[in-house]
Amino acid sequence: MKRLESNLKNMVLSLTLVALAAAALLGGLYALTKEPIEQQKAEKQQKAITSVLPTRDSVTIAEAEEVGNLIIYRAFKGDNLIGAAVQTEENGFGGAFKVMVGFDKDGNIAGYEVLEHQETPGLGNHMIDWFRTNKNRQSIIGKSPATTKFIVSKDGGDIDAITAATISSRAFLKAVQGAYDAFIAQNAQEADTQSCDAAAQQTEATDQLNIINEDNNE
C-alpha cells in the first residue's frame, strides 16, 4: 500500500514537472516570436495604407485619427486632401477580421487590403480578391456608398456576395460602409473646424480694424 502511494506521488510530481517545463517552454517561444509577429503586422499595415490610396506619388500621411474602433490615415499632396486609408474591423463567419479601405477625396473606393481574418479557408479567403474583381457586380473599386448600396444583392443591394460565403460578404460590406461613414464624418468635422477658425480670424481682424479706426477718430 505504501509503495502504491509512493508511486502515485512520484507520478503526480513527474506530471507537475513536465507541465511546468512545457509552460516555461511555451512562454519562452511566445516571448521570442511576439516581437517579430508584431513587427510583421506593423509593416503589413504600413504597406496597406499606401497601397489602397488613389495615388502614392508625393503623398504625406497625416497622424492617425481614431474614431471608435476605426483608424483613419488621411493623405495629402501639399495642403490638398487626396483621400484616406481607413482601418476597420468586423465580425465575420469565423471571427473578427480587419480591412484597410482606401478612398479618394470624394469618398470613392480606391482599393482595399485584408489585414487579418479567420474566415473559412477556400470561402472567406476569397474576400481578399473577390471585391476588386471586375466581374458581374463583385467589384467595389471606384464605387461609393453614397450612390451604391453596399449590401449583398440577395438582400436587395448592389454587390454580389462571395459564392457560398454570404455571411462573410455581409460582414465585409458592413465594414466598408463603416469606414466610409467615418471618413465622411471626419471630413465634415474638419471642414466645420476650419470654417470656425476662419470666422474667428475674420472677427479678430474686424475688431483690430475697428480699434484702429477708433484711435484715428480720437
Side-chain angles (χ1 to χ4, degrees), residues 40-57 59-77 80-119 124-135 137-153 155 157-162 165-191:
Q40 287 178 359
K41 286 183 178 180
E43 290 175 354
K44 186 174 183 179
Q45 181 191 54
Q46 290 302 312
K47 288 180 181 178
I49 291 171
T50 55
S51 70
V52 301
L53 291 172
T55 180
R56 306 178 194 179
D57 297 333
V59 171
T60 300
I61 308 297
E63 187 175 346
E65 302 168 82
E66 294 188 17
V67 181
N69 65 342
L70 292 84
I71 307 176
I72 301 175
Y73 303 89
R74 293 195 297 162
F76 294 84
K77 263 193 172 184
N80 299 318
L81 177 73
I82 60 101
V86 182
Q87 181 177 310
T88 179
E89 60 182 87
E90 192 58 60
N91 288 316
F93 180 78
F97 63 86
K98 293 182 180 180
V99 183
M100 188 74 73
V101 186
F103 300 94
D104 66 18
K105 61 183 179 62
D106 297 317
N108 300 306
I109 294 174
Y112 74 86
E113 293 287 344
V114 178
L115 300 176
E116 300 175 19
H117 79 87
Q118 303 175 47
E119 302 302 275
N125 267 351
H126 285 312
M127 75 166 66
I128 295 173
D129 293 310
W130 180 276
F131 295 104
R132 55 182 167 218
T133 300
N134 189 19
K135 180 182 178 182
R137 295 191 297 172
Q138 291 179 209
S139 179
I140 63 173
I141 306 303
K143 297 177 181 177
S144 167
T147 54
T148 301
K149 289 183 181 179
F150 272 56
I151 302 172
V152 296
S153 52
D155 293 339
D158 296 328
I159 309 297
D160 288 342
I162 300 168
T166 303
I167 294 176
S168 298
S169 300
R170 286 174 178 147
F172 178 88
L173 294 176
K174 183 179 178 182
V176 174
Q177 179 72 55
Y180 170 81
D181 293 342
F183 172 60
I184 295 301
Q186 198 73 356
N187 281 353
Q189 181 178 340
E190 182 69 18

Where is the tightest heavy-atom contact between [X] and [Y], given as atom of each residue plus distance?
{"X": "A175", "Y": "F97", "answer": "CB-CE1, 4.3 Å"}
{"X": "A48", "Y": "L115", "answer": "CB-CD2, 3.7 Å"}
{"X": "Q138", "Y": "I159", "answer": "O-CG2, 3.6 Å"}
{"X": "A84", "Y": "L53", "answer": "C-CD2, 3.6 Å"}
{"X": "L81", "Y": "A75", "answer": "CD1-O, 3.4 Å"}

Indicate every side-chain donor-acceptor pair of residues 104-112 with a distance under 3.5 Å to a residue at least two apart or in another chain.
residue: D104; atom: OD1; partner: D106; partner atom: N; Å: 2.9
residue: D104; atom: OD1; partner: G107; partner atom: N; Å: 3.0
residue: D104; atom: OD1; partner: N108; partner atom: N; Å: 2.9
residue: D104; atom: OD2; partner: N108; partner atom: ND2; Å: 3.2
residue: Y112; atom: OH; partner: M127; partner atom: O; Å: 2.8
residue: Y112; atom: OH; partner: I128; partner atom: O; Å: 3.3
residue: Y112; atom: OH; partner: F131; partner atom: N; Å: 3.1

Taking side-chain contact (heavy atoms from CB on, under 4.5 Å) as the definition, give me every residue that meets it alongside [X], ordered by chain and number, with sequence neighbours left out.
{"X": "A64", "answer": "I71, Y73"}
{"X": "A179", "answer": "L70, V86, T88, V101, F103"}
{"X": "D57", "answer": "T55, K77"}

Determine yes or no for a side-chain-to-main-chain donor-acceptor pair under 3.5 angstrom, with E113 supplying the side chain and M100 the backbone.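 No, because the side chain of E113 does not come within donor-acceptor range (under 3.5 Å) of the backbone of M100.
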Return yes if some donor-acceptor pair links the side-chain N/O of E119 with the main-chain N/O of F93 below 3.5 Å, else return no.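 Yes; at least one donor-acceptor contact below 3.5 Å.
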What side-chain donor-acceptor pairs closer than 3.5 Å can you find for residues 140-152, not counting sequence neighbours?
residue: K143; atom: NZ; partner: S139; partner atom: O; Å: 2.9
residue: S144; atom: OG; partner: A146; partner atom: N; Å: 3.1
residue: T147; atom: OG1; partner: S144; partner atom: O; Å: 3.4

Only pairs at least two apart or in different chains count here, so list each salt bridge (Lys or Arg N to Asp or Glu O under 4.0 Å) that has a residue in residues 167-177.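 Matches after skipping sequence neighbours: E90-K174, D155-R170.
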Not counting sequence neighbours, list each pair that qualifies as a side-chain hydrogen bond (donor to acceptor under 3.5 Å, both in side chains) and has a residue in residues 60-69.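 Found E65-R74, E65-Q186.
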With sequence neighbours excluded, residues passing side chain to side chain donor-acceptor pair (under 3.5 Å) with Q118: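 Not a single residue meets the side chain to side chain donor-acceptor pair (under 3.5 Å) criterion with Q118.
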Residues in side chain to side chain donor-acceptor pair (under 3.5 Å) with D181, at least two apart?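 If we apply the side chain to side chain donor-acceptor pair (under 3.5 Å) test to D181, skipping adjacent residues, the hits are Q177.
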Who pairs with R137 by salt bridge (charged side-chain N to carboxylate O under 4.0 Å, His left out), at least two apart in sequence or on another chain?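 R137 satisfies salt bridge (charged side-chain N to carboxylate O under 4.0 Å, His left out) with D160 only.
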Flag side-chain contact, heavy atom, 4.5 Å: Y180 against V176: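 No, side chains not in contact.
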